[in-house]
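See structure below.
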Amino acid sequence: MTNPSAAVPAWCVIGRAPDSALGGVRGMGSMIAVVDLDDARQRIGNHHLGADELPTFVREREAQGRPRWVFSDTPNWYPALLAAGVQIERCYDLRLTHAILMRSELVADRNAVASAEEWDAGPVSAPTAPEAEALFEVTERRSHIKTVPHDIESALAEFARQSTALQTASDPGRLRLLLAAESAGGLVAAEMQAAGVPWDIAEHDRILAEELGPRPARDAKPAKMLAVAEQVRAALGDPRANLDSHVKLLHSLHAAGINVASTSKWELQESNHAAIAPLLEYKKQSRLLSANGWAWLDEWVSEGRYRPVYVPGGVVTGRWAASGGGALQIPRQLRPALRADPGWRLISADVAQLEPRALAAMSGDRAMAEAGRGRDLYSGLVDEGIVATRQEAKIAVLGAMYGSTTGDSGRLVPRLRTSFPAAMGLVDSAAEVGAAGGVVSTWLGRTSPVPGEGWRRVQSAANQFDATPADENRARRAAGDQGRFTRNFVVQGTAAEWALAWLADLRLRLSQLPAIDDGNPGTTSAVDGDGGTTSAGETMGHVADASGPVFSRRAHLVFFLHDEVIVHAPAQHAEAAAEAIREAAASAGTLLFGNAPVDFPLDLTISERAAKD
DNA sequence: CCTCCGAGCGCG
DNA sequence: AAAGCGCGCTCGGAGG
């Protein structure tokens with residue numbers, strides 16, 4: 001039942017309809033409500049539809065006016081749409097935006113938003129495929145996990161609270177930009193999970209076999225690992241040494257006269273005992289096997305696609321986290337296993353020195369911007385005579401952003417204070433604020449969490465008349481830790497904002513690229529009705545069908561890692577996709593920093609494999 | 001049997 | 001050499 005309205009809605013709020021909140025009939029009868037709002041966020045239409053009708057409804061709306069879809073939580077709504085072949089252009093994710101607004105210093109009146117505790121559910125990982133199908137069962141099945149409410153009235157009420165809060169913001173434009181970018185990130189994460197990373201299982205298996213030996217029978221250790229372990233035991237003169245337990249290994253090492261305090265890599269390297277080289281080799285093998293071995297391959301790669309779970313906004317700084325699949329830790333060793341489908345290419349691009357560039361831009365430090373302009377920023381420091389070598393430049397810059405005070409780094413950082421006073425002033429004062437228990441904000445207004453109860457207790461204990469030197473030490477250390485956290489927060493968080501703006505712009509540019517012609521009458525835009533019924537995968541078992549109906553015929557994002565993207569594109573569109581990546585980077589810089597003289601140069605390669613370096 | 005924690009190491 | 005920030009994952013070991 002619908003009451004069509006003459007006006008094209010600016011916002012469409014989706015939620016579970018009130019009737020079905022109690023009914024809970026499985027598989028059928030779940031009703032969804034869509035409420036249309038105009039620019040002023042006034043109600044101009046209501047619709048009720050079955051869950052199975054939603055994709056078609058959304059597709060038609062996208063073809064008409066491309067409203068911003070308001071979701072309680074993107075992972076709850078979007079995967080089913082993607083599975084049905086529907087991609088949307090823009091959304092507003094109430095859970096993600098709530099997390100920003102309830103903390104942002106820019107919002108004068110945060111009370112209403114912050115007190116709506118049910119929306120503070122913390123990072124939610126995307127539901128796995130079977131759960132996504134049963135649109136309403138997620139909450140029940142994972143009752144121990146806090147989730148946001150998905151019913152229409154809750155969504156409307158939260159949207160209204162957020163709108164009010166935004167009106168009290170000192171710089172609403174900035175915050176709106178952040179909320180839009182954050183929400184777009186939610187779409188990208190869902191889309192990348194749906195598309196998957198094209199993964200060459202045979203190549204992965206080859207790498208494993210080369211390092212570890214052929215795949216062993218269930219739970220057995222691979223042959224090459226066993227052989228290396230024997231070398232270690234022989235060199236130690238301890239045939240029963242257990243290499244898998246830190247404690248036992250440490251005993252064996254001591255017994256062999258190797259005096260180390262731990263079994264960590266850097267400490268072992270100090271010794272030149274004959275057991276060390278094979279032991280380090282064993283540790284490397286062991287790491288590969290347990291983190292990305294055959295078990296990982298079985299669990300996370302299927303039909304030639306690696307589908308990790310991304311968690312947008314999962315890090316307080318605004319970076320993404322991951323939950324399952326280890327998307328943020330794929331070892332470089334395995335990069336050759338990322339392989340484009342036949343006739344396709346992978347375009348990998350990463351930003352050189354993103355964080356220092358973000359710092360230069362947000363602090364308006366012209367000298368620092370100049371050092372990185374059109375060149376490697378670290379080499380720029382050498383050219384300017386600030387430090388002697390690129391390595392020193394890197395240590396100094398990282399030390400400045402992380403707050404290191406000792407060693408080479410502590411010695412080099414003061415030189416940056418002379419050369420880049422604005423940039424250093426920004427991070428130094430962020431550290432001061434944090435050490436005193438205050439909060440700091442990124443360029444677009446994401447604010448750091450206030451230090452916890454424990455932290456404040458430690459500080460006040462040090463201020464008591466009977467405080468011991470130990471109390472004072474502990475307080476000083478905690479203050480320093482918090483200062484280093486806030487120092488880094490402004491830089492890491494602003495860099496994350498740049499990256500979100502890059503992603504958000506890129507996904508729209510990619511959706512404008514044409515679909516490849518597979519013999520079916522194609523469409524020219526992903527968002528105007530590229531339905532599942534004409535997908536290549538269904539009609540001819542095309543090689544790309546593991547990417548699903550939305551992504552099997554068009555360039556799309558498959559991977560994102562803080563300052564790096566990988567796009568999977570038909571070979572004939574690889575150059576256009578590369579250009580889209582460059583243009584998106586340029587517009588992200590302008591969108592955030594206007595005409596600041598900072599550039600964000602990319603290292604970009606087009607290839608069949610994503611092997612790096 | 002379970003959960004929790006630190007060590008260690010992968011990524012930026 | 002690590003140092004100085006932010007993460008996730010696996011394992012062994014400890015405690016329930």
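Note: hydrogens, waters and symmetry copies are ignored here, and every other heavy atom, side chains too, is used. Just so it is clear: chains get the letters A, B, ... in the order the sequence lines come, proteins before strands, and each one is counted from 1. All values derive from a computational prediction rather than experimental measurement.
Contact between the side-chain N/O atoms of A:Lys284 and the OP1/OP2 oxygens of B:dG10 is not found at any separation under 4.0 Å. The phosphate of C:dG13 has OP1 or OP2 within less than 4.0 Å of a side-chain N or O from A:Ser245. Between C:dG13 and A:Lys248, a contact under 4.0 Å exists linking OP1 or OP2 to a side-chain N or O.
When rounded to the nearest whole Å, the span between NE2 of A:His562 and P of B:dC11 equals 12 Å. In this structure, the NE2 atom of A:His246 is 18 Å from the P atom of B:dC5, given to the nearest Å. Between the P atom of B:dG8 and the OH atom of A:Tyr282 lies a distance of 16 Å, rounded to the nearest Å. A:Trp320 places its CH2 atom 14 Å from the P atom of C:dG8, with the value rounded to the nearest Å. One interatomic measurement links the two molecules: CZ of A:Arg287 to P of B:dG10, which rounds to 6 Å at whole-angstrom precision. Rounded to whole angstrom, the span from the OH atom of A:Tyr310 across to the P atom of C:dC7 amounts to 18 Å. Straight-line distance from the CH2 atom of A:Trp300 to the P atom of C:dG8: 13 Å, rounded to whole Å. Between the CD1 atom of A:Ile566 and the C1' atom of B:dC11 there is a distance of 13 Å, rounded to whole Å.
In this structure, A:Gly324 reaches the sugar-phosphate backbone alone: every heavy-atom distance under 4.0 Å involves primed, P, OP1 or OP2 atoms, never a base. A:Gln269 comes within 4.0 angstrom of the backbone, heavy atoms only, and of no base. When heavy atoms are screened at a 4.0 angstrom cut-off, A:Asn292 is found touching no nucleic acid atom at all. Residue contacts for A:Ser262: at a heavy-atom cut-off of 4.0 Å it reaches the sugar-phosphate backbone alone, with no base atom in range. Across all strands shown, A:Arg484 has heavy atoms under 4.0 Å from sugar-phosphate atoms exclusively, and none from any base. At the heavy-atom level, A:Lys283 lies under 4.0 Å from the strands shown only through sugar-phosphate atoms. In this structure, A:Thr263 reaches the sugar-phosphate backbone alone: every heavy-atom distance under 4.0 Å involves primed, P, OP1 or OP2 atoms, never a base.
Scanning atom types as modelled, no donor and acceptor separated by under 3.5 angstrom connect the side chain of A:Gln492 and the base of C:dG6. Residue-to-nucleotide contacts include a donor-acceptor pair under 3.5 Å from the side chain of A:Arg319 to the base of B:dG12.
Heavy-atom nearest nucleotides on DNA chain C were determined for A:Trp266 and for A:Trp296, and the one closer to the 5' end corresponds to A:Trp266.
Base-pair partner of C:dG16: B:dC1 (Watson-Crick or G-U wobble, both distances under 3.5 Å). In a base pair of the Watson-Crick type (N1 to N3 plus N6-O4 or O6-N4) or a G-U wobble (N1-O2 and O6-N3), with each distance short of 3.5 Å, C:dG4 is matched with no nucleotide.
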Candidate pair A:Trp502 and A:Phe560, rule ring pair (Phe, Tyr, Trp, His ring centres under 6.0 Å), full reasoning: CA-CA 11 Å; A:Trp502 184 31; A:Phe560 167 61; 7.4 Å; no
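Of all heavy-atom pairs spanning A:Ser441 and A:Thr447, the tightest one is OG-OG1, 2.7 Å.
A:Arg487 has a carboxylate O that lies under 4.0 Å from a charged side-chain N of A:Asp428, or vice versa, which qualifies the two as a salt bridge.
Using cut-offs of 30° and 60° on the angle between ring planes, the pair A:His204 and A:Trp199 is tilted. A:His568 and A:His556 have perpendicular rings, their planes meeting at more than 60° on a 0 to 90° scale where under 30° would count as parallel.
Here B:dG12 is the nucleotide among B:dG12, C:dC11, C:dA3 with the atom lying nearest to any side-chain atom of A:Leu561.
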